[in-house]
Peer 1: 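Would you mind keeping the following structure in view while I ask a few things?
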Amino acid sequence: MKKILNTPADYVDEMLDGLVAAYPEFYRLHGDSHRVVARAQAGRAGKVGIVSGGGSGHLPIFTGYVGTGLLDACAIGDVFASPSSEQMADAIRAADQGAGVLRLYGNYGGDVMNFDMAGDLVEFDDIRCTTVLLADDVASAAPEEREKRRGVAGMVYAFKIAGAAAEAGQDLDAVTRVAQKAADAVRSVGAALSSCTVPQAGRPTFDIAEDEMEMGMGIHGEPGVWRNKLRPADAIAGEMMDRLLADMPVGQGDRVSVLVNSLGATPPEELYILYRVVKARLEGAGASIVMPLVGRYATSMEMAGVSFTLLKLDEELEGLLRAPCDCAFWRVG
Amino acid sequence: MKKILNTPADYVDEMLDGLVAAYPEFYRLHGDSHRVVARAQAGRAGKVGIVSGGGSGHLPIFTGYVGTGLLDACAIGDVFASPSSEQMADAIRAADQGAGVLRLYGNYGGDVMNFDMAGDLVEFDDIRCTTVLLADDVASAAPEEREKRRGVAGMVYAFKIAGAAAEAGQDLDAVTRVAQKAADAVRSVGAALSSCTVPQAGRPTFDIAEDEMEMGMGIHGEPGVWRNKLRPADAIAGEMMDRLLADMPVGQGDRVSVLVNSLGATPPEELYILYRVVKARLEGAGASIVMPLVGRYATSMEMAGVSFTLLKLDEELEGLLRAPCDCAFWRVG
Amino acid sequence: MIDRAALLGAIGRLAAAMEREAPALNEIDGALGDGDLGITMTRGMQAVQQGMAEMPADLGQALLRCAQAFTKTSGSSYGTLFATGLMAVAKAVKGRESFEASEVSGLIAAARDAMQARGKAELGGKTVLDSLDAMAKATAGLSDPAEVACAAREAAREAVEAFRERPATVGRARIFAEKSRTMRDPGMLAMTRIVEAVTGEA
Amino acid sequence: MIDRAALLGAIGRLAAAMEREAPALNEIDGALGDGDLGITMTRGMQAVQQGMAEMPADLGQALLRCAQAFTKTSGSSYGTLFATGLMAVAKAVKGRESFEASEVSGLIAAARDAMQARGKAELGGKTVLDSLDAMAKATAGLSDPAEVACAAREAAREAVEAFRERPATVGRARIFAEKSRTMRDPGMLAMTRIVEAVTGEA
Ligand SMILES: Nc1ncnc2c1ncn2[C@@H]1O[C@H](COP(=O)(O)OP(=O)(O)O)[C@@H](O)[C@H]1O
Ligand SMILES: Nc1ncnc2c1ncn2[C@@H]1O[C@H](COP(=O)(O)OP(=O)(O)O)[C@@H](O)[C@H]1O
Ligand SMILES: [Mg+2]
Ligand SMILES: [Mg+2]
Ligand SMILES: [Mg+2]
Ligand SMILES: [Mg+2]
């Protein structure tokens with residue numbers, strides 16, 4: 001897969017320049033590292049701040065979700081590489097409106113170390129920080145080791161729910177609690193058809209034959225649970241739903257939201273073909289689907305493939321999910 | 001490039017089933033051909049109807065833009081194939097609220113014949129129809145033969161502007177006039193890095209080497225103006241801007257909107273890298289950019305590549321561009 | 001004399017011929033375009049056949065139904081052009097239960113003109129229009145049914161060959177103008193097969 | 001006795017060594033991961049060197065600055081762990097302008113523990129922690145500077161080899177656990193090069 005870029009070394013900086021140039025009403029660069037994006041208009045004084053961050057190459061994750069009812073700031077690293085802890089500390093400082101800051105991000109070793117370190121750094125600024133980790137990828141570890149799972153598209157729901165709680169004026173503990181509740185109620189699984197190319201590497205991250213797919217693959221190309229011939233859409237969707245529902249059963253009267261997500265190159269046409277099965281399975285189990293999301297919400301640049309994310313709702317989560325939000329990539333209400 | 005589907009023959013029907021299942025608040029299937037999508041709630045009685053249509057495989061074009069302040073109905077063919085004139089006639093009937101219907105679509109031979117034929121068919125229903133064709137691809141014919149040019153992403157602007165005029169209560173002649181004005185003020189150019197695969201064909205529409213790109217290529221793989229080694233992003237963007245501005249100069253004090261569009265697989269990261277150049281060129285010429293659009297607005301499934309579309313505004317067009325609209329893929333206001 | 005019975009006979013033969021020729025027509029269309037020409041004609045004629053039982057005696061009404069079968073089943077250029085031609089003939093014979101072989105030339109010309117208006121192509125551009133033009137000219141002044149049939153067939157066949165070396169100028173094939181220079185036009189070839197079937201020589 | 005002068009000397013040697021070893025470290029990291037280990041160390045040490053002129057005499061403050069150079073320039077695991085270790089040592093010697101060779105073992109152990117808390121990895125998992133652990137143990141009870149240096153170097157070198165056949169258990173390399181079984185851990189190898197440079201044997 002070819003890429004449109006100038007030099008790999010400038011990829012992320014130029015990408016961020018273009019992003020803030022296109023949407024000055026939503027985003028601004030904060031500080032002088034060029035790797036921290038904050039809301040164009042800072043949140044209300046006294047609002048709990050929410051930061052996220054991680055490697056580049058996943059738009060709209062992470063940076064795209066900086067906006068009202070969502071994140072306050074983000075630190076962005078090179079493609080698939082953690083930002084530095086100083087950049088994360090800067091994002092925390094940008095997000096702080098005096099009520100403390102929730103660090104809400106995906107469970108990747110480097111990001112965890114750096115966000116922890118960033119917390120140590122902002123202790124000097126007297127900013128209170130909490131942490132909620134997304135670990136929603138059911139293919140990445142057994143249920144007994146849930147805390148080892150990778151964080152993938154489930155982040156989108158967590159950003160939305162925590163962001164709504166913060167916007168509603170809840171305090172840091174309350175926002176943290178509801179973010180954790182969302183993180184506990186979300187499950188994802190992905191399947192990849194092709195690799196993306198990290199600009200610095202210049203070649204596909206992994207090789208996969210023209211007639212193969214991999215089930216359970218991670219968004220950086222982490223190995224999945226099987227690799228085999230490409231299957232029909234309904235079989236792929238069926239197995240992905242099996243895996244999600246085995247991990248988090250959904251039954252009569254349950255209310256769930258579902259995200260059918262393209263990892264990048266896979267076009268919406270194919271997502272709709274898959275969504276038929278997702279809907280039939282959930283409604284067949286007696287559940288109601290609330291605010292389904294179908295599109296590109298968490299990607300690996302031009303990787304072909306999809307992920308499904310299931311969020312089981314209670315009244316509180318549903319209210320927060322439906323609350324307004326606004327950024328260049330997603331708007332509710 | 002691999003595809004997620006069941007059988008090629010069911011690709012479009014299943015895609016449309018999934019689309020209306022995901023967004024019942026926006027879309028419904030109209031009639032029994034299974035290839036006409038109309039607004040979930042029909043427009044006001046007395047509102048001018050706007051229909052579009054053409055082959056599948058370009059989402060959000062065409063179907064995605066059915067919605068308030070945009071289209072009333074669409075007829076959708078197989079991938080890259082015109083719908084039948086009966087289906088177009090059905091779309092016109094669905095769109096008609098007694099004030100006549102504007103046919104607003106891209107200049108492709110088959111679509112033109114069928115929409116003309118559809119007009120003949122709905123004469124029996126006493127529906128008055130007008131036509132505005134988009135022919136915005138500057139690479140597809142010389143300026144002297146502008147009427148032979150293909151219609152590409154410029155449609156998005158035309159839908160928006162005509163849709164806003166119709167929503168505002170303008171009559172058929174007025175809506176047609178302003179749609180034509182938009183069609184005359186819009187220019188596009190594309191560049192492809194890889195082909196997509198038509199499901200029925202099962203192999204890429206065209207072959208292009210791993211280190212090559214093609215300038216001016218059409219969204220169905222129509223040949224462009226040159227094919228050569230892949231160039232740096234800034235060079236690609238520069239040449240595309242050269243081509244647009246040569247065809248429609250933009251100068252001091254002009255107000256323009258610009259669409260930096262992914263043809264499918266190209267991720268937003270790369271669009272932002274390109275947008276830096278687009279912005280610099282337009283602002284360097286003394287123009288102001290109004291409501292830039294950066295994303296996937298008109299695609300060829302999983303084709304890698306981009307298109308730029310420039311719309312020169314006057315006060316009337318700017319007002320209509322900024323008016324509210326709402327569909328599953330685009331919302332303004 | 002052409003009446004309802006003759007029409008039904010022609011429909012049966014044409015439907016069978018299109019089914020038989022579909023792979024060949026798809027293949028020649030596929031070399032320069034999307035390879036659907038055989039499908040277009042087969043589907044259209046199947047739909048026409050389904051309406052045969054209730055086919056009106058009024059040939060205008062009957063041919064309008066045939067045209068509609070094509071507007072329903074196909075969005076491809078050829079289907080729409082074919083429907084356009086049928087509608088033009090239908091208009092010309094509206095209210096009549098039969099017409100004569102001597103009228104055929106004028107009816108073909110009417111179809112040609114309507115199709116030209118629809119498709120906005122020039123005569124001489126290596127399309128089905130050139131087949132129709134040749135057929136209209138070759139049958140002009142003739143009135144013996146067998147002679148008319150023979151002249152139409154010959155004209156269609158000769159036109160395909162006469163235009164073979166020309167570049168395609170319309171439709172998808174235009175993109176491959178150079179490559180098309182050695183190839184017969186799919187729409188012209190299809191028209192030959194159509195006339196052959198309709199006149200009972202296929 | 002280790003003081004500001006000794007620190008500045010070590011910084012100079014380490015910066016030069018990392019620049020020299022960068023390609024080799026990138027390569028070994030690239031076999032199982034993202035190949036940035038050499039870059040991480042080079043960039044970090046360049047930033048440390050830039051702060052050398054104003055390096056405080058308080059070794060706690062000085063080492064904190066060194067740590068910050070890494071938190072600024074790198075988001076890679078090794079950079080953050082290295083900064084974490086430096087911060088732990090900084091904390092331990094805060095307010096002092098020198099410390100003795102006999103304290104080195106305890107300081108290394110403090111770094112090891114802080115890094116373990118940061119990275120949540122187990123000892124024995126084939127990571128830089130195992131190098132530090134071996135070094136802390138080998139230097140325990142020693143007070144002669146040359147002996148301490150020698151013991152630390154030897155321990156680091158031996159640890160790399162002792163863990164060579166083990167599978168990787170943390171970070172990116174864990175994905176390639178099987179492949180990693182014949183390979184030295186990049187972070188352990190880097191620690192060997194670091195000790196060699198700091199102790200003036202590289
Ligand atoms: N505008 C036109 N005018 C006249 N004939 C046309 C026109 N466009 C196509 N044709 C004829 O139709 C044939 C192709 O038909 P078809 O396969 O249905 O086209 P497509 O699949 O590209 O819509 C051509 O060989 C030509 O004879
Ligand atoms: N959680 C951890 N705990 C201890 N050591 C670790 C940890 N993660 C990585 N390492 C060490 O760091 C080395 C890799 O560092 P680095 O290349 O910076 O990782 P990455 O580029 O994947 O972030 C490994 O060889 C290992 O020694
Ligand atoms: Mg064809
Ligand atoms: Mg066709
Ligand atoms: Mg590394
Ligand atoms: Mg790294």
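Naming: A, B, ... by sequence-line order, numbering from 1 per chain. Computed from a predicted model, the values in this text were never measured in an experiment.
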Peer 1: If you count every heavy atom of other residues, nucleotides or ligands that lies below 6.0 Å from K94(D) atom NZ, does the total exceed 12?
Peer 2: no

Peer 1: Which pairs of donor and acceptor atoms, one on a side chain in residues 6-25 of chain D, lie under 3.5 Å apart (sequence neighbours left out)?
Peer 2:
from	atom 1	to	atom 2	distance (Å)
R13(D)	NE	A197(D)	O	2.9
R13(D)	NH2	V198(D)	O	2.6

Peer 1: Identify which of G110(A), G218(A), S85(A), S33(A) forms the greatest number of heavy-atom pairs closer than 4.5 Å to chain D.
Peer 2: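 Counting heavy-atom pairs under 4.5 Å, the top option is S85(A).
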
Peer 1: Please examine the side chains of I39(D) and Q200(A), heavy atoms only from C-beta on, and report whether any two atoms are closer than 4.5 Å.
Peer 2: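 No - every pair of side-chain heavy atoms lies 4.5 Å or more apart.
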
Peer 1: More than 12 heavy atoms of other residues, nucleotides or ligands under 6.0 Å from CG of N228(A): yes or no?
Peer 2: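 Enclosed: over 12 neighbouring heavy atoms sit under 6.0 Å from CG of N228(A).
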
Peer 1: Does CD belonging to E122(D) count more than 12 external heavy atoms closer than 6.0 Å?
Peer 2: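 Not buried by this count: 12 neighbours or fewer within 6.0 Å.
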
Peer 1: Could you list the donor-acceptor pairs under 3.5 angstrom formed by side chains in residues 55-64 of chain A, with sequence neighbours left out?
Peer 2:
from	atom 1	to	atom 2	distance (Å)
S56(A)	OG	G77(A)	O	2.6
H58(A)	ND1	T299(A)	O	2.6
H58(A)	NE2	H220(A)	NE2	3.1

Peer 1: Which bit of V112(A) is near chain D, if near means a heavy-atom gap under 4.5 Å: side chain, backbone, both or neither?
Peer 2: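 Just its side chain gets close to chain D.
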
Peer 1: By number, which residues in residues 72-88 of chain D have some heavy atom less than 4.5 Å away from chain A?
Peer 2: K72(D), S74(D), G75(D), S77(D), T80(D), L81(D), A83(D), T84(D), M87(D)

Peer 1: Residues in side chain to side chain donor-acceptor pair (under 3.5 Å) with E97(D), at least two apart?
Peer 2: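 E97(D) satisfies side chain to side chain donor-acceptor pair (under 3.5 Å) with no residue once adjacent residues are dropped.
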
Peer 1: What part of Y108(A) lies closer than 4.5 angstrom to a heavy atom of chain D: side chain, backbone, both or neither?
Peer 2: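 Neither part, no heavy atoms under 4.5 Å.
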
Peer 1: Where does D120(A) contact chain D at under 4.5 Å (heavy atoms): side chain, backbone, both or neither?
Peer 2: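 Contact with chain D is through the side chain of D120(A) alone.
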
